[in-house]
*Asks:* 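I am attaching a structure below and will ask some questions about it afterwards.
Naming convention: chains lettered A, B, ... in sequence-line order (proteins, then strands); numbering from 1 in each chain.
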Amino acid sequence: MKKDIQSLLEKTISKITENNISVEVLRTKSDIHGDWTSNVAMILAKDLKKNPRDLADEIISSLGSHNWLDKVEIAGPGFINFFLSNDASLSYLKKLIKSKDSYFPFVEEIPKKILIEYVSCNPTGPIHVGHGRGAAFGSALTNLLIKSGNDVIQEYYVNDRGLQSETLGLSVFLRYQELFGIEISFPEDCYQGDYIKDTAIELKRSFQDKFLISDVDRFLKIDESEEMKKFINKNFKDFDLLINFSIEVEIKKIRSDLEKFRVHHDTWFNESSLYKPPKKSSFLKTSEKLKATDNLSIKDGASWFKSSDYGDEKDRVFIRENGEPTYFASDIAYHDSKYERGFDLLVNIWGADHHGYLPRIKGAVEALGLNKDILKTIFIQFVSLIRDGKLVSMSTRAGEFITLRSLIDEVGVDSARFFFLARKGDQSLDFDLNIATAEDKNNPVYYIQYAYARICSLEKELIKRGMNFDIEEGCENLLQLDQPQESEIISFIESYQDILEQSYRDLEIHPICFYLRDLSSKFHTFYNSEVIIDEDSKKRNAKFALLLAIKKTIKSGLDVLSISAPEKM
RNA sequence: CUCCCGGUAGCUCAGCUGGAUAGAGCAUCUGCCUUCUAAGCAGAGGGUCGCAGGUUCGAAUCCUGCCCGGGAGGCCA
C-alpha cells in the first residue's frame, strides 16, 4: 500500500516539477488524519518557493481518482493525508487470515547469506547472565533474519588457546591433585568456582592418575601460578591434553546451557584451528597478506599492526616479543576467514566492553582489502540483576557470578528471554527478578501469553457450544467490525509489517516486544468490551476472523523471540 | 585526557532516518466478576523530553558547547 501511494505521488510530482525528491509516506498516528500521510508538499515548497498548502492542493487535484482511495485531504501546515477505501484497508487482514502458515509479512526478494557470530565467551567457566543477554539477542535476531528470507549461519568462536586456557588447565590440574589427597595452595588468579572441581573429577575418571605429580614436595614450595605452569610444562609433556580436555568439558556445559535457552549455533569455530594447516594455516596466510601490503612493523621486538593508519588511536601488537600471536592477531585471521567463506553480511554481537576493539578490527579488515561495509557489529550493554529493589552483586573473579542456568531455573526461559530482549541492546539493563517471576500483568510475558491463551480458549468454547468458525463468512463481514476498539486492532495488526521492517533494518528486537505488549493490550480491551461469541453469525465469524489474525500475529512475534505460545494457562 | 552508551511522568522504559495534542507499564486514586479465563478491563491525576545555544515552516529527534551517571582505553581475552 505504502509503495502504491509513493509511486502515485512520485508520478504526480513529476508532472509539476523537474526537481527530484524522495517521497516519504508514513502511517498516521490518528484516524482523523487518515491512513497514510506524506510531507512532500512541505519539502517541495521550499525548493519551489511556494506556499506548502497551495502546492499540496495542486498535487491533490492532479492525483486522479483510484478505486482503492477514498479521499485525500490537506491538513495542518501542508500534510497530504490519504484515506483508503474499505476494501484496500482490509486487504492485508484478509491475506493474513487466509494464509495457511504463520504469516510473516516481510521477506527479502533476494536472500542474503549471513554469518552471525555471538556469545563466543571464553570456555573457562559456565555461561553467565551477561552472556545470556547476547545469546537471547543473537538467537532472536537470527530468527528475524531467517524469517525475512535469508540464509543464516550461527557461529560461536571458541578461544581455545592462549593464557586463559592455560589458567583453566592449571586450575583443573590443581583441583585434580586435591582429589588424590594432596593439599596445595590455590592461587588467586586461578578460577575459583566449584565447577572446576567437577571438571577435575571428570579428568580423573578419564585419565586416572596420568597427571598426578610425583615430586610433590618441590611443587608445594611454588605458590605463584606462572611458576606452577612452568613446572607443569616441564614435567608433563602432554599437558595440552589436559587443557583441551578441560575446554571440551566447559564447552559441553556451555552448549547444553545454550540449548536449554533455545540458542543453537551451527558452527563452533576453534581459534586454534587458525593455526592448523590443511594446506597453509589461515593465520599464516593472513599475516603474510598484511606483511605484503606493508601493514606490519617491528618495534621492541614485537610485530605491530599499523592500525593508526586506519583511524585507530595507536598501533596494536600483532605478534608478541615472545613470538606468540595476540588475541587480536587471531581475530584478524578469524575475520579474514569469515570473508573468505563468502557472506553478504557478517554480524558480530559483542559485549559493550569491546567497543574500543572495533576500530582496530575494522582497520584490519580494510588493510586486507575487504569490504568493511558488510561487517556489522552490535554491542550489547551489561546486565544488572535486581532482587527486592537491591542490586545483586556479581563478580566473575570471586566466582560470585550468577549463571545463566540459575537464572533460567529461577525465572524460566520465556521470561528470561523476554526481559533480555525487551530493551534496546545498547542500553544497560536492570533485570528485575521479582517482576520476571511474577505471574500477573506486571510481567509482560504472562500478559502476552495470556492474550494468546484466551483466544485459544474462545475457539474451544465456540466448538463446545456447537458452533463452527466460517472463515469465508468472517472475511466477507469484516466491515461489520466498526467499533472503535475493533478498527483500532485492525490497523494495528497491519502495522506489524512496519515493525518487522524497522527491526530488520535496524537489527533490533525490542520493537517486537513492545508491539506484542500493545497488541495484547488491544485484544484484552476488545475482549472485555463486547461479547465475542455473538448470536449473529455474521458478526461472530467476523470477530473470530479478527481473533485469528491477532493470534497469528502474536504467534509470529513470539516465534521471533523464541518464546512459547501456550494454548492454556 | 580520549572514546562509547545513557539522561523523557514518582519508578522502569518506548519514541530519535525532523512532522500534527510527547507514549506505555508499574506505583497512586476511583469503578467493573450470576455472562466467552478478573493472570483481565474502564477512568483519573502525574512532563522545564539534563542545561544553554544553533539549523528549520516545524526539534524529544539534527549540530555545537557544557553538566550528571555508567563503561572502555594491556605484548589480557
Side-chain angles (χ1 to χ4, degrees), chain A residues 22 24 26 28-30 32-33 37-39 42-43 45-46 51-53 75-79 81 120-122 124 159 161-165 167 271 299-304 312-314 316-331 351-359 379-382 384 386 389 422-430 432 435 438-444 446-447 449-451 453-462 464-465 485 502 505-506 510-511 513-515 517-518 520-521 523-534 543 568-569:
Chain A
S22 68
E24 207 170 78
L26 295 170
T28 57
K29 281 180 192 163
S30 144
I32 57 165
H33 297 131
T37 185
S38 179
N39 61 355
M42 289 178 284
I43 307 268
K46 202 188 298 177
N51 178 310
R53 284 191 67 107
F79 290 103
N81 292 336
S120 300
C121 54
N122 292 328
T124 54
N159 300 123
R161 56 185 295 286
L163 241 163
Q164 298 210 0
S165 301
T167 304
E271 181 188 354
K299 198 175 74 189
D300 304 331
S303 168
W304 299 67
D312 197 9
E313 289 171 6
K314 53 181 177 184
R316 309 287 173 174
V317 173
F318 187 75
I319 295 180
R320 297 185 189 104
E321 200 177 354
N322 65 10
E324 277 292 305
T326 57
Y327 169 85
F328 170 55
S330 289
D331 218 6
D353 52 337
H354 282 64
H355 86 260
Y357 191 75
L358 185 59
F379 292 102
I380 302 291
Q381 293 282 343
F382 294 109
S384 320
I386 311 286
R423 187 124 315 160
K424 248 188 325 196
D426 59 8
Q427 175 118 324
S428 57
L429 170 67
D430 289 337
D432 192 320
I435 296 177
E439 300 203 346
D440 55 33
K441 66 174 174 180
N442 290 349
N443 186 341
Y446 278 83
Y447 186 81
Q449 291 180 326
Y450 183 48
R454 245 184 175 175
I455 294 173
C456 295
S457 147
L458 280 165
E459 289 170 342
K460 275 177 218 144
E461 182 65 22
L462 185 75
K464 206 172 126 195
R465 294 191 191 178
Q485 69 272 13
Q502 177 203 334
R505 183 196 63 206
D506 299 337
H510 71 278
C513 298
F514 281 90
Y515 175 84
R517 218 263 160 214
D518 290 343
S520 303
S521 166
F523 161 72
H524 288 305
T525 300
F526 171 51
Y527 177 91
N528 277 281
S529 62
E530 53 192 287
V531 176
I532 307 291
I533 304 182
D534 206 302
K543 285 178 185 178
K568 205 169 75 183
M569 287 178 79

*Asks:* Across the strands shown, which category fits A:Y447 at heavy-atom distances under 4.0 angstrom: base, sugar-phosphate, nothing?
*Replies:*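 The answer is sugar-phosphate, as A:Y447 gets under 4.0 Å only of primed atoms, P, OP1 or OP2.
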*Asks:* When you match A:F382 and A:T525 each to their closest nucleotide on RNA chain B, which lands nearer the 5' end?
*Replies:*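 Looking at the nearest nucleotide for each, A:T525 comes out on the 5' side.
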*Asks:* Expressed in whole Å, how much space separates the P atoms belonging to B:A60 and B:G7?
*Replies:*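 Rounded to whole Å, the distance is 15 Å.
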*Asks:* Do we see a donor-acceptor contact under 3.5 Å between the side chains of A:D426 and A:Q381?
*Replies:*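 No, no side-chain donor-acceptor pair sits under 3.5 Å.
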*Asks:* Does B:C62 fall in syn (glycosidic angle within 90° of 0) or anti?
*Replies:*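 Here the answer is anti: the torsion falls beyond 90° from 0.
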*Asks:* Quiz question: going by heavy-atom distance under 3.5 Å, is there a donor-acceptor pair between the base of B:G73 and the side chain of A:H355?
*Replies:*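 By the distance-only test, no, there is no pair.
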*Asks:* What does A:E321 touch in the nucleic acid at a heavy-atom separation under 4.0 angstrom: a base, only the sugar-phosphate, or nothing?
*Replies:*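 Base: the residue A:E321, judged by heavy atoms under 4.0 Å, touches a nucleobase.
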*Asks:* Run the side chain to side chain contact (heavy atoms under 4.5 Å, CB included) check on A:F79 and A:T28 step by step: do they pass?
*Replies:* CA-CA 11 Å; A:F79 290 103; A:T28 57; over 6 Å; no
*Asks:* At under 4.0 Å between heavy atoms, which parts of nucleotides 14-20 of chain B does protein reach? Answer with one letter per nucleotide, 5' to 3': B base, S sugar-phosphate only, - none.
*Replies:* SSBB-BB
*Asks:* Looking across every strand, which nucleic acid part, if any, lies under 4.0 Å from A:D331 by heavy atom: base, sugar-phosphate, or nothing?
*Replies:*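 Counting heavy atoms under 4.0 Å across all strands, no contact is made by A:D331.
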*Asks:* Would you measure the distance from the C1' atom in B:C57 across to the matching atom in B:C41 and give it in whole Å?
*Replies:*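 The same atom, C1', in both gives a distance of 43 Å.
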*Asks:* Taking the P atom in each of B:U8 and B:C62, what is the distance between them to the nearest angstrom?
*Replies:*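 The answer is 16 Å between these two P atoms.
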*Asks:* Work out how far the P atom of B:G73 is from that of B:A27, and round it to whole angstrom.
*Replies:*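 The answer is 40 Å between these two P atoms.
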*Asks:* Classify the nucleic acid contact of A:A453 as base, sugar-phosphate or nothing, counting any heavy atom under 4.0 Å across all strands shown.
*Replies:*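 Base: the residue A:A453, judged by heavy atoms under 4.0 Å, touches a nucleobase.
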*Asks:* In whole Å, what separates the P atom of B:A14 from that of B:G6?
*Replies:*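 9 Å, rounded to whole Å.
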*Asks:* OP1 or OP2 of B:A77 sitting under 4.0 Å from any side-chain N/O of A:R161?
*Replies:*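 For B:A77, neither OP1 nor OP2 has a side-chain N or O of A:R161 closer than 4.0 Å.
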*Asks:* Answer with base, sugar-phosphate or nothing: what part of the nucleic acid does A:K543 contact at a heavy-atom distance below 4.0 Å?
*Replies:*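 Counting heavy atoms under 4.0 Å across all strands, no contact is made by A:K543.
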*Asks:* Would you indicate, yes or no, if B:G74 has its OP1 or OP2 atom less than 4.0 angstrom from a side-chain nitrogen or oxygen of A:R316?
*Replies:*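 Negative; the distance criterion is not met.
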*Asks:* Given the C1' atoms of B:C13 and B:C5, what is the spacing between them in whole Å?
*Replies:*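 Looking at atom C1' only, B:C13 and B:C5 are 15 Å apart.
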*Asks:* Counting only Watson-Crick pairs (N1-N3 plus N6-O4 or O6-N4) and G-U wobbles (N1-O2, O6-N3), all under 3.5 Å, who is the partner of B:A42?
*Replies:*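 Partner of B:A42: B:U30.
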*Asks:* Under 4.0 Å, heavy atoms only, any strand: does A:E459 hit a base, just the sugar-phosphate, or nothing?
*Replies:*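 Contact class for A:E459: none.
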*Asks:* Roughly how far apart, to the nearest Å, are B:G18 and B:U28 at atom C1'?
*Replies:*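 Rounded to whole Å, the distance is 36 Å.
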*Asks:* Just checking A:A302: base, sugar-phosphate only, or nothing, at a heavy-atom cut-off of under 4.0 Å?
*Replies:*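 Base, at least one base heavy atom under 4.0 Å.
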*Asks:* Does A:Y515 make a side-chain N or O approach to OP1 or OP2 of B:G23 shorter than 4.0 Å?
*Replies:*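 So the side-chain polar atoms of A:Y515 never come under 4.0 Å of the phosphate oxygens OP1 or OP2 of B:G23.
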*Asks:* With rounding to the closest Å, how many angstrom separate the P atoms on B:C29 and B:G70?
*Replies:*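 Result for the P pair: 34 Å, nearest Å.
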*Asks:* Go through the side-chain N and O atoms of A:T525 and A:Q485 and say whether any donor and acceptor fall under 3.5 Å apart.
*Replies:*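 Checked: A:T525/A:Q485 side chains show no N/O donor-acceptor pair below 3.5 Å.
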